[in-house]
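Each ligand, and each atom within it, is numbered from 1 in the order the structure gives.
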Amino acid sequence: MTHAALTGWGKCLPPAVLTNADLGTFLETSDEWIVSRTGMKERRISHVSLGELAWVASARALACAGLEAAAVDLVIVGSTIGDEMAPNVASGLQLRLGAVNAAAMDLNTACTSFLYGVSTATALIRTGVVRTALVVGGEVPTPFLDWEDRNTAILFGDGCGAVVLQASDREEGLLSEKLGCYADARGALDIRGVGGRFANRGIPYGHTRWIFEGSEIFKRAVVGMAQAGQEALAKRGLAIGDVDLVIPHQANLRIIDAVGRRIGADPAKVFVNVHRYGNMSAATVPVALVEALEEGRVKPGALLLLPAFGAGLTWCAHLVRWGSRVTPLATSPVELPPCDRTGLELVNELRARRAGHAAHARASIEAARAMFEA
Ligand code: UT7
């Protein structure tokens with residue numbers, strides 16, 4: 001049987017940092033509230049597009065695997081809000097990388113997009129359709145946040161991670177997975193203002209409102225991630241005690257802790273970096289995986305459990321057998337362009353632009369009204 005070994009990994013975090021104290025300059029919130037409710041201390045704000053973050057993360061992942069871009073047969077970009085819809089983000093990445101032999105697809109299951117992408121790539125490698133795949137999990141939600149809403153604005157940040165999967169005779173990569181969706185709760189996390197249903201109603205693109213039932217999402221997330229983790233383990237006759245490291249979606253430290261308790265994981269074997277980056281949606285799992293490798297937390301042959309959930313409400317867990325190599329074969333010279341603004345300056349620019357849109361929309365409505373009344 002052909003397996004899909006994970007042979008390359010890379011991340012790209014934009015340099016500008018937004019702290020909890022920065023958020024407190026324009027929102028009625030505090031470091032104490034944010035840390036105690038979410039575990040988050042800071043997050044990154046991107047000065048470039050998702051496509052650029054994906055390019056850097058991917059170049060690093062390919063160098064790590066010791067591969068040229070031309071060796072890639074498939075590029076999958078997992079994200080919730082891409083830079084563009086047609087052409088897709090993956091084709092832009094194929095072009096930037098020079099991955100001329102690759103098929104290119106975008107995949108959106110919100111925060112679980114990276115792991116659903118790993119499932120898709122693994123299935124296509126196992127069935128012989130492709131031999132080498134690049135799977136990206138990236139998100140730049142900050143231009144679409146409602147920065148005046150303290151319930152949601154504090155939670156998210158930008159970032160990107162990527163992995164390379166290669167056909168292998170060794171039993172490595174995905175051992176089992178469980179994918180699911182609580183569609184009855186799809187209204188619990190609803191980003192209004194991006195997508196066709198809003199354009200039809202004349203709402204300016206990107207003028208979002210985040211409908212967010214935090215505690216409902218919280219409860220469903222814990223149950224879904226834990227159940228998926230248990231099912232993925234049971235499929236292989238394994239138990240949580242066999243797992244060397246749990247690398248969960250990083251949406252909230254309290255959710256991570258609750259999932260760990262529910263599946264009986266030793267807290268020392270649960271990887272956490274939510275304090276550094278907040279919730280980067282599709283990027284959290286690949287970035288956490290890369291950082292776990294960088295910190296020496298993934299040993300050769302390790303068994304990893306990767307549970308996640310996202311809008312939809314999609315949920316999943318992946319059981320992964322790591323290979324013998326835990327260090328990159330090479331590094332990439334590709335870097336982001338420098339950023340000359342702070343995280344707070346970037347956010348204040350986004351806020352000003354949004355206030356401008358709102359004023360413009362109000363003026364259009366008033367002009368239309370005046371026309372009808374004339
Ligand atoms: O990856 C998928 C997306 N991620 C998620 O969906 C996250 C899931 N949910 C959560 O992480 C948590 O539910 C939250 C962090 C969103 C909220 O935590 P919570 O413990 O469920 O808080 P709560 O809803 O019980 O607390 C809400 C209170 C409200 O005040 P009242 O009505 O109780 O007086 C809010 O107005 O906390 C207030 N609040 C804030 N206060 C200070 C909400 N946001 C803030 C804030 N600063 N930023």
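Atom 19 (P) of ligand 1 has Arg37 NH1, 3.5 Å as its closest protein atom, hydrogens excluded (heavy atom only). Scanning the protein for heavy atoms near atom 18 (O) of ligand 1, the closest one is Arg254 NH1, 3.7 Å. What sits closest to atom 43 (C) of ligand 1 on the protein, heavy atoms only, is Asn151 OD1, 3.0 Å. Considering only non-hydrogen protein atoms, atom 12 (C) of ligand 1 sits nearest to Asn252 ND2, 3.8 Å. When only non-hydrogen protein atoms are considered, atom 9 (N) of ligand 1 lies nearest to Gly214 O, 3.2 Å. Nearest non-hydrogen protein atom to atom 36 (O) of ligand 1 is Arg150 NH2, 2.8 Å. Given atom 28 (C) of ligand 1, the protein heavy atom at minimum distance is Trp33 CZ2, 4.4 Å.
Arg351 and Asn348 share a side-chain donor-acceptor pair at under 3.5 Å. Asp158 and Thr142 form a side-chain donor-acceptor contact under 3.5 Å, judged by distance and modelled atom types alone.
Protein heavy atoms come within 4.0 Å of atom 5 (C) of ligand 1. For atom 34 (O) of ligand 1, no protein non-hydrogen atom is found at a distance below 4.0 Å. Protein heavy atoms all stay at least 4.0 Å away from atom 24 (O) of ligand 1. Under the 4.0 Å distance rule, the nearest protein heavy atom to atom 48 (N) of ligand 1 falls inside the cut-off. Taking a distance limit of 4.0 Å, we find that atom 39 (N) of ligand 1 is approached by some protein heavy atom.
Ligand-side atoms of ligand 1 in range of His249: 1 (O), range being under 4.0 angstrom from any heavy atom. The ligand atoms of ligand 1 that sit less than 4.0 angstrom from a heavy atom of Cys111 are 1 (O), 2 (C). Counting atoms of ligand 1 from 1 in the listed order, those under 4.0 Å from a heavy atom of Ile154 are 48 (N). In summary, the atoms of ligand 1 found under 4.0 Å from a heavy atom of Ser215, numbered by their order in the structure, are 13 (O). Contact atoms of ligand 1 toward Thr29: 42 (C), 46 (C), 47 (N), 48 (N) (distance under 4.0 Å to a heavy atom of the residue).
Of the listed residues (Phe218, Phe156, Phe212), the one carrying the non-hydrogen atom nearest atom 7 (C) of ligand 1 is Phe212.
Contacts between Asn279 and ligand 1 below 4.0 angstrom, taking non-hydrogen atoms only, involve the side chain exclusively. Contacts between Leu189 and ligand 1, counted as non-hydrogen atom pairs separated by less than 4.0 Å, involve the side chain only.
Between Lys41 and Glu32 there is no salt bridge, since no side-chain N of the basic residue sits under 4.0 Å from a carboxylate O of the acidic one. For Glu291 and Arg297, the salt-bridge test fails: no basic side-chain N is under 4.0 Å from an acidic carboxylate O. We find that Arg341 and Glu349 are joined by a salt bridge, their nearest charged nitrogen and carboxylate oxygen being less than 4.0 Å apart. One finds a salt bridge joining Lys11 and Glu294 here, because a Lys/Arg side-chain nitrogen approaches an Asp/Glu carboxylate oxygen to under 4.0 Å.
Taking SG from Cys111 and CG from Leu189, the interatomic distance works out to 7.5 Å, rounded to the nearest 0.5 Å.
The closest side-chain heavy-atom distance from Leu293 to Leu289 is below 4.5 Å.
Taking the ring centre of Tyr277 as origin, the terminal cationic atom of Arg43 falls outside the region bounded by 6.0 Å and 45° from the ring axis.
Side-chain atoms of Arg186 do not come within 3.5 Å of backbone N or O of Ala311 as any donor-acceptor pair.
Checking only distances, Thr38 never comes within under 3.5 Å of ligand 1, N or O to N or O.
Using the six-membered ring where Trp is involved, Phe26 and Trp147 have ring planes that are perpendicular, over 60° apart on the 30 and 60° scheme.
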**OP:** Give the intermediate values and the outcome of salt bridge (Lys or Arg N to Asp or Glu O under 4.0 Å) for residues Glu216 and Arg220.
**Re:** CA-CA 6 Å; Glu216 177 67 11; Arg220 299 279 196 134; 3.0 Å; yes
Tabulate below the donor-acceptor pairs under 3.5 Å that side-chain atoms of residues 278-285 make, not counting sequence neighbours, or state none.
| residue | atom | partner | partner atom | Å |
| --- | --- | --- | --- | --- |
| Asn279 | OD1 | Ser281 | N | 2.7 |
| Ser281 | OG | Thr80 | OG1 | 3.3 |
| Ser281 | OG | Glu139 | OE1 | 2.6 |
| Thr284 | OG1 | His249 | ND1 | 2.6 |
| Thr284 | OG1 | Gln250 | N | 3.4 |
| Thr284 | OG1 | Ser281 | O | 3.4 |

